[in-house]
> 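This is the structure I have questions about; it appears just below.
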Amino acid sequence: MQQVKIGMGQLLVEGGEPTRNLGRAGDMVEEAANRQCQIILLPECLDLGWTHPSAKTETLPIPGHYSDQLCQFAGDQHIYICAGLTEQDEDRVYNTAILIDSSGNILLKYRKINVLDVGLEFYAIGQSLSVVETPFGLIGINICADNYVDSLENGHMLARMGAQISLSPSSWTVD
């Protein structure tokens with residue numbers, strides 16, 4: 001089995017500050033690439049912050065400006081990126097994660113299924129899970145609370161779909 005080096009890009013995410021947040025993400029991507037990581041995992045809702053009120057007014061589609069910036073980072077640094085963004089799709093907002101390949105192409109988009117009660121004011125509930133073939137094997141994505149005890153089936157389903165790597169952007173609500 002091939003080894004893969006994954007960088008954990010834990011960064012400060014300021015609510016409603018996408019320019020600063022994406023700047024920090026770009027720095028993390030560059031650092032991970034310099035450390036020979038093949039994949040970097042970035043936080044959930046890294047553009048606007050998890051459950052920040054700006055999700056109701058400043059969310060963009062995917063693809064869109066915020067995801068395009070992440071795609072540019074991936075292509076420039078030749079690294080896979082898994083990152084969480086808020087996503088506008090018609091009249092709904094989703095807590096979404098994307099997997100971007102080292103050429104800057106979005107391979108997979110996933111919308112969070114286990115939206116906590118505190119998040120229901122902001123995010124619609126996703127409806128599907130999937131995996132994608134990569135040079136590292138099959139990768140699946142879920143997000144943060146999708147790994148809670150009440151929704152472990154999400155991870156189990158990714159495994160049944162053949163996921164060899166499961167990536168989960170998260171935003172822990174602690175200082």
Side-chain angles (χ1 to χ4, degrees), residues 1-50 52 55 59-87 94-113 126 129-147 154-155 158-159 161-175:
M1 175 177 264
Q2 176 187 351
Q3 290 189 356
V4 59
K5 187 172 183 180
I6 301 173
M8 302 299 289
Q10 191 61 39
L11 60 105
L12 171 65
V13 175
E14 295 178 84
E17 295 294 338
T19 301
R20 290 203 295 249
N21 296 334
L22 285 159
R24 284 187 201 94
D27 292 343
M28 288 276 181
V29 170
E30 184 176 1
E31 180 180 351
N34 288 339
R35 292 178 182 234
Q36 288 75 49
C37 294
Q38 293 126 318
I39 302 171
I40 182 168
L41 176 62
L42 295 170
E44 170 183 19
C45 296
L46 75 82
D47 51 352
L48 301 172
W50 182 68
H52 191 268
T59 303
L60 298 178
I62 298 174
H65 181 66
Y66 303 149
S67 62
D68 290 351
Q69 286 182 1
L70 292 170
C71 290
Q72 184 70 47
F73 297 154
D76 288 349
Q77 298 297 327
H78 309 290
I79 188 171
Y80 278 65
I81 296 174
C82 182
L85 296 170
T86 52
E87 178 194 14
Y94 292 94
N95 179 343
T96 299
I98 55 176
L99 179 65
I100 304 165
D101 71 15
S102 59
S103 297
N105 302 302
I106 297 174
L107 299 179
L108 186 62
K109 180 170 74 169
Y110 165 76
R111 294 170 171 164
K112 187 174 185 177
I113 292 172
L129 293 162
S130 59
V131 298
V132 64
E133 182 67 42
T134 74
F136 317 109
L138 284 171
I139 294 180
I141 299 174
N142 63 22
I143 299 172
C144 197
D146 288 322
N147 295 296
N154 292 334
L158 287 174
M161 296 169 78
Q164 296 160 298
I165 299 172
S166 186
L167 299 171
S168 185
S170 297
S171 176
W172 296 111
T173 55
V174 295
D175 292 337

> What residues, two or more places apart in sequence or in another chain, satisfy side chain to side chain donor-acceptor pair (under 3.5 Å) together with T96?
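T96 satisfies side chain to side chain donor-acceptor pair (under 3.5 Å) with E87 only.
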
> How long is the span from the OH atom in Y66 to the CG atom in L46, to the nearest 0.5 Å?
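Output value for this atom pair is 10.5 Å.
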
> Please evaluate residues V13 and C45 with respect to the criterion side chain to side chain contact (heavy atoms under 4.5 Å, CB included), reporting the C-alpha separation (whole Å), side-chain torsions for both, the decisive distance (0.1 Å), and the verdict.
CA-CA 8 Å; V13 175; C45 296; over 6 Å; no

> Mind listing the closest non-hydrogen atom pair of P43 and P169 along with its distance?
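In this case the closest contact between P43 and P169 is C-CB, 3.7 Å.
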
> Without swapping roles, check the side chain of D146 against the backbone of I143 for a donor-acceptor pair under 3.5 Å.
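Confirmed, D146 side chain pairs with I143 backbone.
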
> So, using salt bridge (charged side-chain N to carboxylate O under 4.0 Å, His left out) as the criterion, who are the partners of E31 when residues are at least two apart?
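Per chain and number, E31 pairs via salt bridge (charged side-chain N to carboxylate O under 4.0 Å, His left out) with R35.
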
> If you measure from CG on L42 to CZ on R24, what distance do you get to the nearest 0.5 Å?
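Separation between the atoms: 12.5 Å.
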
> Taking all non-hydrogen atoms of both residues, which atom of I106 and which atom of C71 are closest, and how far apart?
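Where I106 meets C71 most closely, the heavy atoms are CG1-SG, 3.6 Å.
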
> Could I get the full list of side chain to side chain contact (heavy atoms under 4.5 Å, CB included) partners for L129, not counting sequence neighbours?
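With neighbours one apart ignored, the set is Y110, I113, N154, M157, L158, M161.
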
> Report the distance from atom OG of S67 to atom CD1 of I98, rounding to the nearest 0.5 Å.
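Atom-to-atom, S67:OG and I98:CD1 are 5.0 Å apart.
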
> For D68 versus P63, what's the shortest heavy-atom pair and its separation?
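Distance-wise, the nearest heavy atoms are OD1-CB, 4.0 Å.
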
> Enumerate, atom names and distances included, each donor-acceptor pair closer than 3.5 Å involving a side-chain atom of residues 131-142, sequence neighbours excluded.
from	atom 1	to	atom 2	distance (Å)
T134	OG1	F136	N	3.0
T134	OG1	G137	N	3.4
T134	OG1	G137	O	2.7
N142	OD1	N147	ND2	3.2
N142	OD1	S168	OG	2.9
N142	ND2	N147	OD1	3.1

> Whether the side chain of N21 engages the backbone of E17 through a donor-acceptor N/O pair (distance < 3.5 Å, no angle test) should be reported.
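Side chain of N21 to backbone of E17: a pair is present.
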
> Of all residues at least two apart in sequence or in a different chain, which pass the side chain to side chain contact (heavy atoms under 4.5 Å, CB included) check with E30?
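For E30 the side chain to side chain contact (heavy atoms under 4.5 Å, CB included) partners, ignoring immediate neighbours, are N34, Q77.
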
> Grab the two heavy atoms, one from G104 and one from A74, that are nearest each other, plus how far apart they are.
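Shortest heavy-atom separation between G104 and A74 comes out as CA-CB, 4.3 Å.
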
> Quick check: closest heavy atoms across L48 and A55, and the distance to 0.1 Å?
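In this case the closest contact between L48 and A55 is CD1-CA, 4.0 Å.
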
> Rounded to the nearest 0.5 Å, how far does NE2 of H52 lie from OG1 of T59?
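So the gap between those two atoms works out to 11.0 Å.
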
> Rounded to the nearest 0.5 Å, what's the gap from CG on L107 to OG on S102? Could you check?
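Between L107 CG and S102 OG, I get 9.0 Å after rounding to 0.5 Å.
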
> With sequence neighbours excluded, give me every salt bridge (Lys or Arg N to Asp or Glu O under 4.0 Å) pair touching residues 36-50.
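Of all non-adjacent pairs touching residues 36-50, those that pass salt bridge (Lys or Arg N to Asp or Glu O under 4.0 Å) are E44-K112.
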
> Identify the two heavy atoms, one from S170 and one from C144, that lie closest to each other, and give their separation to 0.1 Å.
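That closest heavy-atom pairing would be OG-CA, 3.5 Å.
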
> When rounded to the nearest 0.5 angstrom, what is the spacing between CD1 in I100 and CG in L108?
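The distance works out to 11.0 Å.
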
